[in-house]
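The analysis underlying the following values was restricted to heavy atoms, covering all of them including side chains, and did not include hydrogens, waters or symmetry mates. Quick caveat, the model's predicted, so the values are computed rather than measured. Chain naming here is simple, since letters A, B, ... match the order of the sequence lines and numbering starts at 1 in each.
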Amino acid sequence: MDLKDLYRDVIVDHNRNPRNFGKLEPADAHADGHNPLCGDRLSLYVNLDGDRICDVKFDGSGCAISVASASLLTEAVKGKSRTEVKSLFDEMHALLTQHDAPVDPAKLGKLAALSGVREFPARVKCASLCWHTLNAALDSQSDPVSTE
Amino acid sequence: MSARPAPHTSAIDVAAIRADFPILDQQINGKPLVFLDNAASSQRPRQVIDTISRYYEHDHANVHRGVHTLSQRATDAYEGAREIVRQFINAKDTKEIVFVRGTTEAVNLVAQSFVRPKAGPGDEILISGLEHHANIVPWQLVCEQTGAKLKVIPITPQGEVDFAAFEKLIGPRTRILALAHVSNALGTIVPVEKFIAVARQHGVPVLLDGAQAVPHGKVDVRALDCDFYCFSGHKMLGPTGIGVLYGRQKLLEAMPPWQGGGDMILSVSFEKTTYNQLPWKFEAGTPNISGTIGLGAAIRYLQSVGMERIAAYEHELLTYATQRLLEIPGLRIVGTAAHKAAVVSFVMDGIHPHDIGTILDTEGVAIRTGHHCAMPVMDFFKVPATARASMAFYNTHAEIDRLVAALEHTRQVLG
């Protein structure tokens with residue numbers, strides 16, 4: 001278990017300087033996510049142009065993994081269609097939970113930096129919270145998402 | 001920042017004590033384990049583990065039932081543990097010692113069997129803002145069931161229970177005062193004697209959650225003059241799934257049983273069932289026999305070290321840990337009461353407790369991070385979570401140095 005696998009430079013950087021941090025007001029879609037175990041809370045705001053995400057922001061507070069993951073998410077999904085986001089969600093799910101899942105940087109880009117999380121089972125929920133919250137926003141769920 | 005030589009410690013042979021705890025002698029992620037999560041659950045000495053093994057290898061049978069030798073041995077050991085507990089907390093009679101699953105079950109028992117029958121709309125249940133969820137939720141259930149109201153004594157920025165506010169909140173409608181003896185999240189030692197004295201003047205019964213108090217100092221329920229006292233075996237070197245409810249005999253006698261079943265009855269017919277005497281009236285079904293015997297062994301171990309010496313040594317550890325942690329730039333201790341058990345809850349600028357916990361683990365250091373089952377305490381201090389180092393008498397000054405070094409490393413990784 002190497003700490004550098006978890007806290008890669010990209011992750012430390014996105015934790016220190018989260019991208020797309022803030023609110024979109026008004027937003028076409030919005031959802032809140034909560035991890036009661038560690039107290040992470042984040043909100044995702046999405047503006048849509050037809051089927052495509054044209055803008056996305058997040059705010060809230062959390063650990064380095066959850067903040068960096070949300071920051072990376074906003075960069076990754078901007079400009080993508082719902083179908084493309086769904087496919088990225090599945091890729092991320094596999095990346096975070098399956099030990100033998102191949103990591104394809106061509107597909108995942110910077111998100112691949114989160115592959116170390118799967119060696120730290122207690123932290124998987126930190127990285128996946130923003131993805132579940134994005135799903136909820138796109139599905140226009142009104143109830144907050146909880147990891148528990 | 002370099003580690004300084006450890007100050008002189010009180011008359012406690014930590015090396016010999018550590019040799020009794022097999023689990024402490026291991027590497028975690030290539031580093032010797034530093035276990036500082038004792039407030040969540042302590043470790044067990046070989047004496048406790050061996051007592052339980054010996055019981056299963058030689059003496060196990062069901063208790064209070066058979067005339068055969070093994071049943072007699074098991075019963076003797078089980079009831080022998082009750083006497084050990086009685087002496088340990090200085091209860092008057094073993095009738096006042098009820099074995100339960102843990103502190104949580106003890107509080108629930110009192111909530112349902114003692115308070116619920118006499119609470120109604122307009123009545124009040126008084127707790128503090130320092131409580132563990134186990135001393136909040138059982139009372140919320142009673143409030144839902146009876147229409148009573150939960151009143152909360154505020155805490156101060158130091159993490160102490162506000163005594164002046166308490167004096168205003170207690171009143172003729174207060175049906176019970178339920179207080180932590182020691183806060184699990186912050187380590188605050190609550191001066192419960194003062195609160196109990198006021199409660200007495202108002203005729204209000206008092207329950208103390210002693211889960212964090214019993215393992216770390218002498219507790220005398222008669223000197224405290226409380227009505228109920230609850231604690232858990234696993235935080236005091238004993239097994240999980242065993243705990244104790246102490247209750248004043250008069251109160252326990254008047255209370256209806258908490259669960260029905262075998263062992264809690266004298267005779268059963270479809271027309272009329274006669275309940276057993278105390279304490280068995282509250283112990284339905286086959287109890288946690290091995291857990292109870294293990295708890296007895298744990299108490300014997302604590303007594304062999306000496307509760308006063310444990311308290312003195314742990315206080316030294318607390319003082320040293322507090323001083324060393326405050327040397328770390330950007331670290332803030334949450335909970336700065338004048339009197340504390342050996343618990344240090346803290347946050348670090350720009351670093352989430354969860355990340356601290358993970359990085360410390362890679363350095364072999366085990367601490368708790370999160371809300372510590374005390375979300376209202378976190379809300380009060382406006383933090384989502386804290387990191388918490390909680391010490392036991394088998395910890396050393398050198399281990400605190402390891403904690404501090406690991407926190408410095410955390411700052412390098414994420415600061």
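- Contact of H372(B) with chain A is not made at all, since no heavy-atom distance falls under 4.5 Å.
- Note on A385(B), G30(B), P384(B): by heavy-atom pairs under 4.5 Å with chain A, the leading option is P384(B).
- For R16(A), the part lying under 4.5 angstrom from a heavy atom of chain B is the side chain only.
- Between D40(A) and H352(B), the shortest heavy-atom contact is OD1-NE2, 3.2 Å.
- By the 6.0 Å contact criterion, NZ on K31(B) is enclosed, its count of non-hydrogen atoms from other residues, nucleotides or ligands being greater than 12.
- Contact of the Y7(A) side chain with the D355(B) side chain is registered, since non-hydrogen atoms from C-beta on lie closer than 4.5 Å.
- Listed here is the closest heavy atom pair of R123(A) and H354(B): NH1-O, 3.3 Å.
- With a 4.5 Å cut-off on non-hydrogen atoms, M378(B) does not touch chain A at all.
- Annotation: R118(A), atom CZ; neighbour count of heavy atoms from other residues, nucleotides and ligands within 6.0 Å is above 12.
- Within 6.0 Å of CG on D25(B) lie no more than 12 heavy atoms contributed by other residues, nucleotides or ligands.
- Annotation: residues 42-78 of chain A contacts chain B through G62(A), C63(A), A64(A), I65(A) [non-hydrogen atoms, separation under 4.5 Å].
- Heavy atoms from other residues, nucleotides or ligands lying under 6.0 Å from NE2 of H93(A) number 12 at most.
- Ranked by heavy-atom pairs under 4.5 Å with chain A, the first of V383(B), I356(B), V413(B), I351(B) is V413(B).
- Residue R8(A) qualifies as enclosed at atom CZ: its count of foreign heavy atoms under 6.0 Å is above 12.
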